[in-house]
Amino acid sequence: MITTDFVPGSPCWLDLGAPDVEAATAFYRAVFGWQAEPHGGQGAGGYTLFRLDGKAVGAVGPLTEAGARSAWTLYFHTSDADASLQAVERAGGSVRVPPAEVGAEDGRFARLTDPQGAEFAVWEPARYPGVEAADGPGTLVWTELYTTDPAAAQTFYKSVFGWGTQDMPLPGGGGTYTLLTPAGCSEERMHGGLMGVPADLLGPGGKPYWHPVFGCQDCDATVGLATGNGGTLSMGPETAEGVGRLAVCTDPSGAEFVVLTPEGTL
C-alpha cells in the first residue's frame, strides 16, 4: 500500500519527462481523467502538475537531461537529500542531478542512478510533502523495478533506504519477485517490487528501469483509452492471482506505465 503519510524510503512523488508536455498532458487527461495545472506560474509546456479531484497525483515536464528519453521518474522520501546522495555513492550508484531547491520553500530533490543503471530520485520535503492521493483509481498504487541483477539491486537499495525485502516465486517457474517495504514498517506498507529481467527484454540499451503502477476501476477499459489515444499495449490485460487484472502500456512518447485493477474490485 502506498500512502501519503510518508516515511524514509517510501514513494512520495513521480513525474514524467516528455518531449511534448502538452501532448503528454492530453494523453493522461484522456486515460485517467487528470486535471493539469502549470506549476509556479509557468506557461504551457513547462512543469505541469496532474491533479485528480483537486489532489496532486504527479507531474509532467520537459526533458532536461542530455540524451534522456521519455520516462516516468519515481521519487522516494528522504529527510536529508545530501545524506541520501552520499549513501548512493557509497553503494556504487551515481548522481545525475545533485540536490537542488524547488521553489522558495517546496523542498529539495536529487536525481540518482543505481549501479545497474536504473534511474530514480529522492525528495526532501519542506512545504510540499508529495502526492496528495494514492492507492486508488487514477493514482500511484505500486512501484516496480526491472533489473538485470536483482541480488545486487536488493543490496543497493537496502544500503540506501534500509528497505525490507521478501521474495516470492513467480507463477510457472518464472523466477522470483521481491517485495519492498520501507525500513521498520509492517507488510501493510509494502510499496513495490523488483524482478530480474534479461537485458535483451529491457528495451533500448537493455538498461534497468523503474515504472509506476496506476490503479484503475476497469483495466480493460483503461487500456482501451490508452490505445485509443495513441498509446500502445506491451502486455496483457491479464489476471494475476492474488494481485488483480493488469496491463503494461506505453504512452505515445514511449514512457511505460502499468494499470491495475486490484483483486477484490474485479
Side-chain angles (χ1 to χ4, degrees), residues 11 13-40 42-52 56-75 96-97 102 109 111-114 117-121 123 131 137-147 192 197 199-216 219-237 246-260:
W13 187 247
L14 69 164
D15 58 22
L16 171 68
D20 186 332
V21 170
E22 292 181 85
T25 298
F27 173 79
Y28 286 98
R29 181 188 293 122
V31 175
F32 294 118
W34 292 343
Q35 301 90 42
E37 176 187 301
H39 177 67
Q42 296 187 41
Y47 198 78
T48 300
L49 297 180
F50 286 131
R51 294 188 181 276
L52 184 65
V57 294
V60 58
L63 294 168
T64 57
E65 297 181 45
R69 64 177 182 84
S70 187
W72 283 95
T73 297
L74 294 165
Y75 291 67
R96 304 193 324 281
V97 178
V102 176
F109 76 97
R111 292 180 180 159
L112 310 160
T113 305
D114 74 21
E119 298 178 353
F120 65 101
W123 175 246
V131 295
T139 69
L140 184 68
V141 299
W142 195 248
T143 64
E144 198 162 59
L145 171 65
Y146 288 170
T147 181
V197 177
D200 59 356
L201 298 180
L202 285 174
K207 188 170 74 170
Y209 61 92
W210 285 93
H211 61 212
V213 180
F214 297 113
C216 61
C219 179
D220 295 64
T222 303
V223 167
L225 291 171
T227 57
N229 285 278
T232 57
L233 177 64
S234 303
M235 186 195 79
L246 57 88
V248 181
C249 300
T250 304
D251 74 17
S253 295
E256 184 177 287
F257 62 98
V258 176
V259 294
L260 168 68

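We're numbering straight along the sequence, starting at 1.
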E37: which residues meet the side chain to side chain donor-acceptor pair (under 3.5 Å) condition with it, sequence neighbours left out? R51
Do you know which two heavy atoms are closest between P62 and V21, and how far apart they sit? N-CG2, 3.5 Å
Any sub-3.5 Å donor-acceptor pair from T25's side-chain atoms to A23's backbone N or O? no
Measure the OG1-CH2 distance between T73 and W13 for me, rounded to the nearest 0.5 Å. 12.5 Å
Quick one: salt bridge (Lys or Arg N to Asp or Glu O under 4.0 Å) partners of R69, sequence neighbours excluded? none
With D20, which residues qualify under salt bridge (Lys or Arg N to Asp or Glu O under 4.0 Å), at least two apart? none
Which atom names give the shortest non-hydrogen contact between P208 and T147, and what distance separates them? CB-CA, 3.7 Å
According to side chain to side chain donor-acceptor pair (under 3.5 Å), who are the partners of W210, at least two apart in sequence or on a separate chain? Y157
Closest non-hydrogen contact found for V223 with L233 is CG1-CD1, 3.9 Å
Locate the shortest heavy-atom distance separating A118 from L145; write the atom from each residue and the value. CB-CD1, 3.5 Å
At their closest point, which heavy atom of L140 faces which heavy atom of F214, and how far apart are they? N-CD2, 4.0 Å
Rounded to the nearest 0.5 Å, what's the gap from OG1 on T222 to CZ on F32? Could you check? 6.5 Å
I need the Q35 CD to L52 CG distance, nearest 0.5 Å. 6.0 Å
Would you confirm whether R96, through its side chain, and L112, through its main-chain N or O, come within 3.5 Å as a donor-acceptor pair? yes
Between W123 and Y75, is the ring centre distance below 6.0 Å? no
Could you pull out all residues at least two apart from Y146 that satisfy side chain to side chain donor-acceptor pair (under 3.5 Å)? none
When the side chains of residues 250-259 are checked against the rest of the protein, which donor-acceptor pairs come out under 3.5 Å, sequence neighbours left out?
from, atom 1, to, atom 2, distance (Å)
T250, OG1, S234, OG, 3.2
D251, OD1, S253, N, 2.9
D251, OD1, G254, N, 3.0
D251, OD1, A255, N, 3.0
D251, OD2, Y28, OH, 2.7
E256, OE1, Y209, OH, 3.1
E256, OE2, Y209, OH, 2.9
E256, OE2, H211, ND1, 2.6

So do the side chains of P11 and L74 get within less than 4.5 Å of each other, counting heavy atoms only? no
Write down the atom of A36, the atom of T48, and the distance for their closest heavy-atom approach. CB-CG2, 3.7 Å
Euclidean distance, W34 CH2 relative to L49 CG, rounded to 0.5 Å: 12.0 Å
When rounded to the nearest 0.5 Å, the distance separating CG of L16 from OG of S70 is 4.5 Å
